[in-house]
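In what follows, a single structure is set out as structure tokens and then discussed.
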Amino acid sequence: MITDLAGIDFSADAFEVARQLIGVTLLVHGVGGRIVEAEAYDMSDAAAHSFNGPTPRNFSMFGPPGYSYVYRSHGLHWCLNFVCREPGHGAGVLIRALEPVAGLELMRERRGMEDERLLCAGPGRLCQALGVTRAHNNLPLAAPPFRLVAPDRALPVEVLAGPRIGISKAVELPWRFGLAGSRFLSKPMR
DNA sequence: TGTATGATCGCCT
DNA sequence: GGCGATCATACAG
């Protein structure tokens, strides 16, 4: 167990890590919030970038667990993943939404909007708010600029699972996890 | 509340 | 040349 990572064992299966990440606070240079939505991806999973093996774009998915994988989506947005399992497994968790906690003003400035609810509601929005770019690819999550903070055990979180968003393959896998009742999800959990 | 569309980059066929 | 783990805007109902 790696305690620098909010007590989460990133060598576990991606769906297990995704579920455990709900409620954990993610900070990048001190800016961020509580993770309320995450999706798991695995090499055996046709919807995953790693499905067809390593490429120049996805190589960090095949690196050590507890590292970041940042990619560009649709030519304009950045998306942040946490690598899981062992090196070579190509498993990861896409961070989809945060409840903003720290650095609200900087996030509003970067996003050019006021609505707190939409600051980090979606993988692309979240990266814009936290200033995550290609420069943050393949970095250890246990070291700056990243910081993970475990949830307060006195306040247990209720986690719901459902189908993932924005994919066309392996649509049936219930590998999207979300904090029950959160206002900060990119879409409501069913 | 929902569906459609354009923006625009890097990889794969 | 096509397409995608997206977002913001525009319009219909």
Side-chain angles (χ1 to χ4, degrees), chain A residues 10 13-22 26 28 32-33 35-63 65 67-85 89-100 107-139 141 159-179 182-190:
Chain A
F10 279 84
D13 282 318
F15 65 86
E16 184 65 30
V17 174
R19 183 164 53 200
Q20 289 181 30
L21 279 170
I22 304 303
L26 164 67
V28 179
I35 298 172
V36 296
E37 185 180 346
E39 286 179 356
Y41 289 86
D42 190 88
M43 202 171 157
S44 64
D45 159 18
H49 288 172
S50 54
F51 185 61
N52 290 312
T55 69
R57 177 213 210 184
N58 68 16
F59 74 94
S60 48
M61 268 191 103
F62 293 89
Y67 272 60
S68 60
Y69 163 47
V70 177
Y71 68 93
R72 201 200 275 278
S73 171
H74 292 69
L76 29 131
H77 306 288
W78 297 104
C79 295
L80 172 64
N81 296 250
F82 295 168
V83 178
C84 303
R85 299 291 303 272
H89 277 262
V93 174
L94 171 67
I95 310 302
R96 286 194 55 91
L98 301 182
E99 175 181 338
M107 288 197 264
R108 286 198 177 96
E109 194 178 311
R110 286 168 172 161
R111 295 268 302 123
M113 62 140 52
E114 293 297 315
D115 192 346
E116 179 179 340
R117 193 165 167 168
L118 293 178
L119 281 180
C120 301
R125 291 165 172 165
L126 177 162
C127 284
Q128 188 182 14
L130 270 58
V132 172
T133 69
R134 188 177 209 71
H136 298 83
N137 185 34
N138 203 29
L139 295 178
L141 301 171
V159 178
L160 302 178
R164 295 174 292 182
I165 294 178
I167 56 172
S168 54
K169 299 166 188 167
V171 177
E172 70 286 354
L173 287 175
W175 281 5
R176 173 177 180 242
F177 299 90
L179 180 62
S182 172
R183 306 163 40 223
F184 299 95
L185 298 168
S186 64
K187 281 188 180 178
M189 301 296 297
R190 188 170 297 184

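Here is the naming used below: chain letters follow the sequence lines, and residue numbers restart at 1 for every chain. As a basis for the values below, the full set of heavy atoms in this structure was taken, side chains included, without hydrogen atoms, waters or symmetry mates.
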Item to complete: Identify, between A:Pro54 and A:Arg72, the residue whose nearest nucleotide on DNA chain B lies closer to the 5' end.
Response: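 Residue closer to the 5' terminus by nearest nucleotide: A:Arg72.
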
Note, DNA chain B 5' to 3' with Watson-Crick or G-U pairs under 3.5 Å encoded as ( ), [ ], | and . gives |||||||.||||.

Taking the minimum atom-to-atom distance to the side chain of [X], which one of [options] wins?
X	options	value
A:Met61	C:dA5, B:dC11, C:dT6	C:dA5
A:Arg125	C:dA5, C:dC7, B:dC12	C:dC7
A:Arg111	B:dC11, C:dT6, C:dA8	C:dA8
A:Pro56	C:dA5, B:dC11, C:dA8	B:dC11
A:Ser168	B:dC11, C:dT6, C:dG4	C:dG4
A:His74	C:dG4, C:dA5, B:dC12	C:dG4
A:Ile167	C:dT6, C:dA5, B:dC11	C:dA5

Closest non-hydrogen atom pair between [X] and [Y], with its separation:
X	Y	answer
A:Leu185	A:Ala97	CA-CB, 4.3 Å
A:Phe51	A:Met43	CD1-O, 3.1 Å
A:Trp78	A:Arg72	CZ2-NH2, 3.4 Å
A:Pro163	A:Val171	CB-O, 3.7 Å

Do we see A:Tyr71 stacking on the base of C:dA5, given a limit of 5.5 Å between centres and 30° between planes? no

If we take the C1' atom in both B:dG10 and C:dA8, what is their distance in whole Å?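 Result for the C1' pair: 22 Å, nearest Å.
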
For this session: Could you state the atom-to-atom distance from CD1 of A:Ile165 to P of C:dG4 in whole Å?
Result: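 Computing the A:Ile165:CD1 to C:dG4:P distance gives 17 Å.
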
- Item | Parallel, tilted or perpendicular: rings of A:His49 and A:Tyr71 (30°, 60°) | perpendicular

Review point. Between A:His49 and A:Leu118, which is nearer to the 5' end of DNA chain C once each is assigned its nearest nucleotide?
Key: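 So the residue in question is A:His49.
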
*So, is the end of the A:Arg164 side chain (NZ or CZ) under 6.0 Å from the ring centre of A:Tyr41 and within 45° of the ring's axis?*
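The answer is yes, since A:Arg164 meets both limits relative to A:Tyr41.
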
| task | Give A:Leu76 one of three labels, base, sugar-phosphate or nothing, depending on what nucleic acid heavy atoms sit under 4.0 Å from its own. | result | base

